[in-house]
Amino acid sequence: MTSAAPNGPTPPFRLYNTATRSVEPVRPADPKRITFYSCGPTVYDDAHIGNFRSFLAADVLRRWLESPLCRLESEAGAGGAGRTVLHVMNITDVGHMTDDSEGGENGEDRMAVAGRRLAEAKKSGKLPADVSIDPRDPYAIAAFYAVRFQEDARRLGLKVAIEAQKDESLMPRATANIDGMRSVIEHLLARGYAYAAGQPGKRAIYFDVRRFPSYGALSGNTLDSLREGAGERIAAANQSEKRDPADFLLWKEDAAHIMKWPSPVVPGAPAEEQLGPGYPGWHIECTVMSARRLLGDAALARLLDHPGTSPSVIDVHSGGEDNIFPHHECEVAQSVCAFCNDRAAAEARGGFARHWFHARHLFVEGEKMSKSKGNFFTARQLFEPPHGFEPAAVRLELVKTHYRSNANFTMQGLRDSARIVERWRRFVETPPTGDGRATLAPREAARASFVESMSEDLNVAGAIGALNKFINDVPAPSAADIDLVRAFDRVLGVLELDRGRPSSVFISHDAKKDEIMAAILDLFKDNPSLSVSELADKLVERGAAKQAKNFAISDAIRNILAKRGVAIKDVAGGKVEVRRS
């Protein structure tokens with residue numbers, strides 16, 4: 001690790017690259033304009049916190065790349081002032097199959113599953129009164145969940161979702177890019193990288209993996225390991241029509257599919273052998289949506305008509321660990337072969353993106369998320385009663401573990417994150433004192449430590465540690481101290497979020513009833529077991545007991561409140577933290 005001493009040179013940013021399996025400098029084609037694509041959600045349900053862990057890891061990476069504190073290898077000086085990141089995240093609103101291991105060929109249409117779930121919710125009265133949706137309409141289903149995803153994403157500070165309010169093209173829909181998918185597939189067919197197979201009515205277009213020698217390089221798989229039965233990758237029902245069992249779906253003919261479009265034209269095939277209506281495979285969507293928005297339609301058309309020599313056309317591509325194979329592996333193959341000439345494709349060792357970034361899995365209370373286990377949470381479930389956590393606490397809990405480590409989400413950890421957020425907030429909202437000269441040394445040390453942590457493989461945990469130490473070292477912040485913490489937070493993205501309902505409040509033991517009621521109103525106004533006035537009375541009584549050192553009464557009141565949904569904890573400075581239990 002390159003050390004960043006206070007007043008020393010800023011270390012260049014190094015990040016793990018899945019393609020090379022090493023931590024290496026980030027080297028965009030243009031350091032002042034970085035192109036970044038993130039695989040987004042398939043909108044047939046609300047996004048869960050495991051999804052958002054991946055999305056927020058990408059958001060922190062994007063924010064660090066934009067920060068003037070971040071320096072790239074090609075840049076001199078302290079950092080990258082003036083650098084921009086063009087970040088795009090797709091929304092997959094095509095109803096792929098529940099078994100998508102082969103690209104969307106088997107199982108049941110996800111939109112049909114979502115339609116049944118919404119119909120049941122509508123029948124049972126579980127849908128909100130203001131929601132009007134036809135569960136038989138797949139486009140309405142996709143639009144309903146897309147809006148909900150974007151709401152959750154904005155509340156969690158996902159910059160691409162915030163920017164998409166003004167520029168919808170930053171979150172492209174798969175259904176709006178079908179023509180581009182057909183065009184890329186037709187070029188792959190014409191150049192011999194894809195082929196049509198199957199019986200009329202059930203025909204498909206597959207990518208020929210044997211035409212791309214480095215297939216498997218991203219994930220570490222080999223074609224030999226992908227034969228029938230290897231990791232349940234290949235369904236026997238589809239084997240006979242493929243040239244190789246690992247060949248993956250680009251397009252499926254299916255007149256019965258609830259979302260369907262005219263199929264790509266197979267060059268040289270007579271009319272009776274052309275495919276009828278169908279739908280795209282899962283993998284081809286991201287190739288088209290990323291290249292189309294990041295490069296532009298004209299540049300994409302030029303690449304298809306006159307393929308280039310570079311296997312990489314965008315700078316950074318992100319997703320969850322589960323996207324590496326098969327999704328991103330297939331995306332590399334079809335993209336390189338679509339955008340490179342034949343010689344470059346044959347000699348490529350991976351490609352499409354210069355840097356591949358993947359966040360690992362999220363566990364909940366030490367176990368895989370499961371609705372049957374009761375440990376499955378969507379983001380909005382955590383925002384709403386009975387949990388009532390503010391988005392800043394949820395965001396911090398989801399980003400604070402290093403992205404290449406499995407994260408363990410716990411309710412206690414979330415409560416701890418809420419307290420950290422409040423601590424940071426109190427620091428930046430404290431009226432500044434002095435001119436900052438007395439805190440120059442801890443400020444420079446904090447800056448160096450924060451930059452060093454973020455510059456070495458996006459070590460958010462280390463950066464948070466540097467921020468917390470600085471706040472400990474500076475009890476009375478100056479304006480310069482507050483500015484530094486805000487600069488750190490522009491990378492972490494926590495304090496800028498809407499507070500919503502506070503997760504806890506801090507009250508002095510000698511506070512009066514009206515002061516307490518004002519402090520706890522938003523937090524407890526809908527508590528069915530205890531009115532705000534009753535709670536305030538109990539806290540006044542307990543505060544008096546604490547001051548009189550009558551700990552028996554103090555503890556008894558704490559236990560009574562715990563049974564009525566109120567958790568209290570004495571903290572330094574003669575105060576008590578009050579929160580919903």
Identify the residue among Asn550, Asp570, Asp555, Asp537 that makes a side chain to side chain donor-acceptor pair (under 3.5 Å) with Arg542.
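With Arg542 as partner, Asn550, Asp570, Asp555, Asp537 yield a single side chain to side chain donor-acceptor pair (under 3.5 Å), made by Asp570.
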
Greater than 12 external heavy atoms within 6.0 Å of Arg136's CZ
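Atom CZ in Arg136 is not packed in, count stays at 12 or less.
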
Around atom CD of Glu168, are there more than 12 heavy atoms of other residues, nucleotides or ligands at under 6.0 Å?
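Atom CD in Glu168 is not crowded, with 12 or fewer foreign heavy atoms closer than 6.0 Å.
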
Quick one: do the [X] and [Y] side chains pair a donor with an acceptor below 3.5 Å?
{"X": "Thr92", "Y": "Glu285", "answer": "yes"}
{"X": "Lys549", "Y": "Ser554", "answer": "no"}
{"X": "His361", "Y": "Glu321", "answer": "yes"}
{"X": "Thr378", "Y": "His48", "answer": "no"}
{"X": "Ser455", "Y": "Glu452", "answer": "no"}
{"X": "His87", "Y": "Ser38", "answer": "yes"}

Inspect the contact between Glu397 and Lys400 and indicate whether a charged nitrogen and a carboxylate oxygen are less than 4.0 angstrom apart.
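Salt bridge present between Lys400 and Glu397.
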
Using a strict threshold of under 4.0 Å (side-chain N to carboxylate O), is an ion pair present between Asp167 and Arg293?
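The answer is yes: the pair qualifies as a salt bridge.
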
Aromatic plane relationship, Phe52 with Phe55 - under 30° parallel, 30 to 60° tilted, over 60° perpendicular
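Perpendicular, since the angle between the ring planes exceeds 60°.
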
When the ring planes of Tyr37 and His317 are compared, do they come out parallel, tilted or perpendicular, using 30° and 60° as the limits?
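Answer is perpendicular, since the angle exceeds 60°.
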
Criterion ring-ring contact (aromatic ring centres under 6.0 Å, His included) against Phe357, the qualifying member of Tyr16, Trp64, Tyr403:
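Among Tyr16, Trp64, Tyr403, the one that satisfies the ring-ring contact (aromatic ring centres under 6.0 Å, His included) with Phe357 is Tyr403.
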
